[in-house]
Q: 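What follows is a structure written as structure tokens; I'll ask about it next.
In what follows, every chain begins at residue 1, and chains take the letters A, B, ... in the order their sequences are listed.
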Amino acid sequence: MDLNAPHSMGTTIIGVTYDGGVVLGADSRTSTGMYVANRASDKITQLTDNVYICRSGSAADSQIVSDYVRYFLHQHTIQLGQPATVKVAANLVRLLSYNNKNMLQTGIIVGGWDKYEGGKIYGIPLGGTILEQPFAIGGSGSSYLYGFFDQAWKEGMSKDEAEQLVVKAVSLAIARDGASGGVVRTVIINSDGVTRNFYPSDKLQLWHEELEPQNSLLDILSAASPEPMNI
Amino acid sequence: LNSKFEMAKVEADVPPKGGFSFDLCRRNDMLSKKGVKPPSYLKTGTTIVGLIFQDGVILGADTRATEGPIVADKNCEKIHYMAPNIYCCGAGTAADTEAVTDTISSQLKLHRYHTGRESRVVTALTLLKSHLFRYQGHVSAALVLGGVDGTGPHLHTIYPHGSTDTLPFATMGSGSLAAMAVFESKYHEGLSGQKEYLRNHLLPNPRTYVSSKGYSFTKKTEVLLTKITPLKELVDVIEGGDAMEE
């Protein structure tokens, strides 16, 4: 086992907009090869009072990028005289990611609330593309969530609906992705401010794996346990 | 063509990397029944740990430094001084951990003179992580940094590539898995006193097994002690004996 392998975050990160703000969610596993170096890491990092980011990929690279952007945003806020917008924060991340694309290996989701545009989510994957999206998913666990979001996402959700969606999604990804695990952390950002929530693993729902093996999916569909896909 | 195809098949049968492969266990059983002794274990590397308790931070480390299979230093100091209130345990290449902790310790001292204040653990953390990130993992130093400053007790782990984690208990080095197992089973918040975690810290591990047969050399070793002719003959000197008389 190579304990000197670069510290990476096989991760699930999610950012979702709702009517009035955004909800960011992440798992908490940081792995070094196959050893879980930190089972309770915080992948949702603060840049300013109103902008947070979800980090994935190399732990070192994403920490350094977020430190630089926080520093630039701080200067920018002082010069501007008012809180920075989410768009500016996302573009600063994008500039660092794109201009150093050969050396960095990090996927970031920027989310926040400002008075001009309201709640916004920007996805900035590996190469440094910037995409403004109503919801964004990233990290190794996100592969298992594309179908789920296509089904379950809808416009104009309430704050609680959006948070429940994020928690459910992260918990599903944790169940399927070996590189995601631990607890689910969420951050809700809106005009009232920022709320951090924490869901330990025993509070999360059990999924299909916990049932006895059945012959077909149809048998499981009729069982009493909660159904992730609302068909 | 046939043999090439079979070669390809053999390669595909190699187990994927990672995880324990039980394939050879039956072979090992068979060999040990036939009398072939298994190879002996070589314990190497470092274990460094830190934990936050009620009144502050405790850092711990073993004292063995190895050069391949040889113990180069039986009692080396792995807990490095950073500031009067901050210490740092280092695992990995000894030269790298010494150099990086010395460098940052002197930067901290200059910073203390400049600001006129006690150093903070996050300052040391930022200096160390920036340094390690700049060298992209080639400075092979994995550190457990701990200290108490005006903001309270802090404990951080720093990896060679420059990433950091902030934890209530941390382990690093090749012995980290074993140490983490102990912590995970016994740690709880608000640990008082130090008695629960100090174990065997005064003396090196005692030699508990002494073979009744005593130590015997392998066959064909010539024990030369009996065959060496002494270079000097021990002679009894008689004081005041009969000297030569004319």
Q: Which residue pairs satisfy the salt bridge (charged side-chain N to carboxylate O under 4.0 Å, His left out) criterion with at least one member in residues 86-111 of chain B, sequence neighbours excluded?
A: none
Q: Near Arg94(A) CZ, under 6.0 Å, is it more than 12 heavy atoms from other residues, nucleotides or ligands?
A: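 More than 12 within 6.0 Å, yes.
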Q: For Met180(B) and Tyr35(A), what are the C-alpha separation, side-chain angles and deciding distance, and is it a side-chain contact (heavy atoms from CB on, under 4.5 Å)?
A: CA-CA 11 Å; Met180(B) 188 54 93; Tyr35(A) 176 63; 3.6 Å; yes
Q: Look at atom OH of Tyr71(A) and say whether more than 12 heavy atoms of other residues, nucleotides or ligands are closer to it than 6.0 Å.
A: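 Counting other residues, nucleotides and ligands, OH of Tyr71(A) stays at 12 neighbours or fewer.
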Q: Answer yes or no: are there more than 12 heavy-atom neighbours, outside Phe198(A) itself, under 6.0 Å from its atom CZ?
A: yes
Q: Find the distance between CG (Asn38(A)) and CG (Leu167(B)) and round it off to the nearest 0.5 Å.
A: 4.5 Å
Q: Would you find more than 12 non-hydrogen atoms of other residues, nucleotides or ligands less than 6.0 Å from Arg117(B) atom CZ?
A: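 No - once you tally the heavy atoms of other residues, nucleotides and ligands closer than 6.0 Å, there are 12 at most.
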Q: Is Asp42(A) close to chain B through its backbone or its side chain, or both, or neither, when contacts mean heavy atoms under 4.5 Å?
A: neither
Q: How long is the span from the CG atom in Asp61(A) to the OG atom in Ser163(B), to the nearest 0.5 Å?
A: 9.0 Å
Q: Might you confirm whether atom CD of Gln105(A) has over 12 heavy atoms from other residues, nucleotides or ligands at distances under 6.0 Å?
A: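 Not buried by this count: 12 neighbours or fewer within 6.0 Å.
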Q: With a 4.5 angstrom heavy-atom cut-off, is it the side chain or the backbone of Thr171(B) that approaches chain A, or both, or neither?
A: side chain
Q: Using every non-hydrogen atom in the two residues, find where Asp67(A) and Lys129(B) come nearest and quote the distance to one decimal.
A: OD2-NZ, 3.6 Å
Q: Side chains of Arg39(A) and Glu184(B), heavy atoms from C-beta outward: is any pair under 4.5 Å?
A: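 Arg39(A) reaches Glu184(B) side chain to side chain.
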Q: Over all heavy atoms of both residues, which pair between Ala37(A) and Tyr159(B) is shortest? Give the atoms and the distance, please.
A: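 That would be CB-OH, 3.3 Å.
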